[in-house]
Amino acid sequence: MSKPTAALVFLIAAFSYFLFSPSPKPHYYHTLFLSSPFSDNASIASNLRTLTRRPHVAGSLANAEAASHVLSSFASSSLKPRVAAYKVSLTYPVHRSLSLTPTESSKSIITFSLEQEHLGDNPYADEVTPTFHAYAKSGDVSGPAAYANYGRVEDFAGLNVSGAVVVARYGKIYRGDIVRNAYEAGAVGVVIYTDERDYGGEECFPESRWMPPSGVQVGTVYNGLGDPTTPGWASVDGCERLSEEEVELRGDSPGIPSLPISAADAEVILKSVVGGVGPGPGILNLSYVGKTVLAEIENVIGVIEGGEEPDRYVILGNHRDAWTFGAVDPNSGTAVLLEIAQRLDKLQKRGWKPRRTIILCNWDAEEYALIGSTEWVEDNRQMLASRAVAYLNADCAVSGPGFRASATPQLDDLIKQVAKEVRDPDNTTQSIYESWIRSNNSGVIGRLGSGASDYASFVQHVGVPVVDMLFGGGYPVYHSMYDDFTWMEKFGDPMFHRHVAIASVLGMVALRLADDEFLPFNYTSYASELKKSAEDLEEEMLAHSIDISPLIKSIQDLSTAAQEINIEKEEGVKGALRVREVNDRLMMAERALTDRDGLSGRTWYKHLVYGPSKYDDYGSKSFPGVDDAIDNAKRVKTKASWEHVQHEIWRVSRAIRHASLVLKGELR
Ligand SMILES: *[C@@H]1O[C@H](CO)[C@@H](O)[C@H](O)[C@H]1NC(C)=O
Ligand SMILES: *[C@@H]1O[C@H](CO)[C@@H](O)[C@H](O)[C@H]1NC(C)=O
Ligand SMILES: *[C@@H]1O[C@H](CO)[C@@H](O)[C@H](O)[C@H]1NC(C)=O
Ligand SMILES: *[C@@H]1O[C@H](CO)[C@@H](O)[C@H](O)[C@H]1NC(C)=O
Ligand SMILES: *[C@@H]1O[C@H](CO)[C@@H](O)[C@H](O)[C@H]1NC(C)=O
Ligand SMILES: *[C@@H]1O[C@H](CO)[C@@H](O)[C@H](O)[C@H]1NC(C)=O
């Protein structure tokens with residue numbers, strides 16, 4: 001062989017080795033994803049600092065700047081980002097006043113400043129939006145002050161608040177439901193305050209993590225999801241829109257004016273109330289004027305196309321807009337999303353390509369009514385219904401120690417598996433899983449029926465499996481001007497190791513969903529969850545002669561179908577199309593739990609197993625349709641109303657039966 005020929009042979013050999021050598025398995029890349037050279041707490045801190053420099057409420061210039069930051073970070077992580085923009089109805093405060101006449105004979109009127117004290121050294125404190133409730137009704141009202149505890153339905157029992165201005169405290173239910181409950185009880189206005197018993201400590205920010213006495217929790221009081229002027233469809237350019245009168249008629253807007261107030265102001269008011277409850281003699285005069293604007297909002301979307309199944313979507317999302325600086329809510333989640341983007345970029349540079357497409361979404365206007373995600377889901381409803389594998393959410397991703405997760409139950413196993421692979425940032429001698437099961441909530445996975453964050457549209461409107469994860473939980477400076485970078489650096493996550501850890505868990509769950517040959521869904525857990533929920537109903541149903549056996553039977557069938565498909569996966573299905581067929585069954589089973597007619601009277605909510613409680617949007621319910629019907633029957637106490645409960649039992653049983661037929665792939 002001549003020398004050139006030998007060289008040629010070598011080249012061919014080398015080239016064929018390159019072509020035919022087995023490329024690294026996904027597992028190799030997944031291990032890299034979790035390795036310390038891949039994680040970067042300094043870059044997380046730097047991104048969080050940039051994102052939270054100025055207050056960035058939806059529709060503001062500062063929020064557009066934050067969007068550019070996300071866009072360029074996505075671009076430098078080779079995500080080919082784009083903006084999905086919508087024109088939506090947002091509100092801002094124009095005029096607010098609150099005054100108290102302490103007793104009927106008193107001439108001295110106390111006028112509250114409604115200002116949060118500038119503490120610490122945040123140079124942009126002046127830019128914070130004046131404290132208000134988004135979508136609050138404009139108006140001028142006055143009446144005796146009446147204390148209604150947490151503003152729950154039961155808190156109004158035995159209380160006559162007719163014509164009164166209700167004083168309620170935050171902490172148990174969604175503020176929009178507090179306002180609605182007060183309205184339904186006959187109140188003319190509401191002020192909601194942050195009680196030191198719930199949010200205070202001996203010291204407060206900036207010395208400690210607790211809310212200062214002047215701190216105010218801002219937030220929305222709208223009771224629907226998405227842009228109020230486009231209920232059920234996307235707010236695209238030139239689309240159909242409801243008029244203000246039509247929006248009001250839908251009943252999701254508050255019926256009376258409201259304002260959020262501080263603990264300090266509430267203390268003064270409650271001193272003027274007889275027996276601490278009232279009503280009166282103190283008279284409150286509340287005046288609020290808001291303006292409604294059609295604003296452009298920007299969802300930033302980045303995509304990594306799948307190599308083998310580009311038409312299957314694993315979606316990760318977090319919102320960007322904040323009531324104030326948003327260090328916890330929501331930009332701890334944004335910093336985590338950018339960290340995941342960066343790590344996925346590093347993997348791609350080592351030759352990794354996901355099997356399925358991964359989509360990263362940074363939502364806008366979540367604080368107003370989950371608007372950015374809801375408009376996008378409504379816009380892409382059919383595409384998501386046929387292609388979305390799962391949606392993974394990060395909102396207030398880090399506010400302290402302690403891992404928590406909520407999910408639809410087929411994801412329980414996967415979350416636990418991944419939590420075993422990541423060290424607990426607060427005690428590296430154990431895994432997150434070990435500290436989680438030793439913690440107070442002992443490894444319990446929450447359910448996502450509530451309307452508290454951007455997963456809501458995915459699961460409740462389309463039936464996409466969802467996960468939400470975080471470190472911490474409720475935190476005292478929530479939605480106040482003290483939720484800033486200093487708070488995070490001093491109290492939330494001083495070393496940013498909790499951010500790193502949540503990025504590891506969330507990113508790894510995404511990687512498994514994107515790369516595993518068989519979707520890592522286990523519907524056995526779903527069946528056991530449903531069984532527990534059904535058993536919770538049993539006693540009450542028996543008492544009213546309602547037959548829940550159809551429900552029990554459908555759940556047994558689901559359990560069998562779940563075991564069968566698990567065995568099918570284990571026994572090895574051969575061929576790409578057959579694998580794909582099994583995966584489609586796993587993906588579509590959640591969809592089967594939705595019903596095109598939706599919940600009675602709340603038809604946008606299509607999921608019959610998980611939905612929000614009618615009286616607390618933050619409360620998650622299993623079988624919300626059944627729950628609504630029971631609630632109604634208890635009020636009206638008629639035979640027909642209890643028969644309606646039976647009908648709702650049948651409806652949810654049919655949905656669960658559909659899910660098992662989908663899992664079995666059975667055509668009858
Ligand atoms: C409730 O209070 C209003 C205003 O003070 C009063 O007119 C009404 O009679 C009261 N209702 C009951 C049931 O006591
Ligand atoms: C309440 O206060 C406003 C000024 O903020 C005033 O115009 C209005 O007359 C007051 N209403 C009552 C009933 O005192
Ligand atoms: C850290 O975890 C270990 C178990 O691995 C446990 O024994 C120890 O008490 C934990 N330390 C703290 C400070 O919680
Ligand atoms: C855990 O539960 C115990 C007992 O109920 C309680 O004293 C403790 O404060 C809880 N810890 C946390 C972190 O909530
Ligand atoms: C990142 O973690 C290291 C220790 O692992 C720590 O020294 C450093 O201060 C952290 N960086 C930030 C920005 O907190
Ligand atoms: C599915 O979950 C059940 C518990 O709900 C567990 O016993 C079973 O091993 C899991 N199956 C697979 C394949 O992971």
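Numbering of ligands and ligand atoms starts at 1, following listing order. Small disclaimer: the values here were computed from a predicted structure and weren't measured.
- In terms of protein heavy-atom proximity, atom 4 (C) of ligand 6 is nearest to Thr524 CG2, 4.3 Å.
- From the protein, the heavy atom lying nearest to atom 10 (C) of ligand 6 is Asn522 ND2, 2.4 Å.
- The distance between the ring centers of Phe403 and Trp436 falls below 6.0 angstrom.
- For atom 7 (O) of ligand 6, no protein heavy-atom neighbour is found at a distance under 4.0 Å.
- By the definition of a contact as any protein heavy atom under 4.0 Å away, atom 14 (O) of ligand 1 is in contact.
- Those atoms of ligand 6 that come under 4.0 Å of a heavy atom in Asn566, given as number and element, are 11 (N).
- Relative to atom 9 (O) of ligand 5, the option among Glu489, Arg49, Met495 with the closest non-hydrogen atom is Met495.
- Checking Phe205, Phe325, Phe491 one by one against Tyr482, the ring pair (Phe, Tyr, Trp, His ring centres under 6.0 Å) holds for a single residue, Phe205.
- Checking each of Glu339, Gln342, His69, His499 against Asn47 for a side chain to side chain donor-acceptor pair (under 3.5 Å) leaves exactly one that passes, namely His69.
- Neither the backbone nor the side chain of Lys569 has any atom closer than 4.0 Å to an atom of ligand 6 (non-hydrogen atoms only).
- Contact atoms of ligand 6 toward Asp413: 1 (C), 2 (O), 10 (C), 14 (O) (distance under 4.0 Å to a heavy atom of the residue).
- In this structure, Tyr475 has its ring center under 6.0 Å from that of Trp487.
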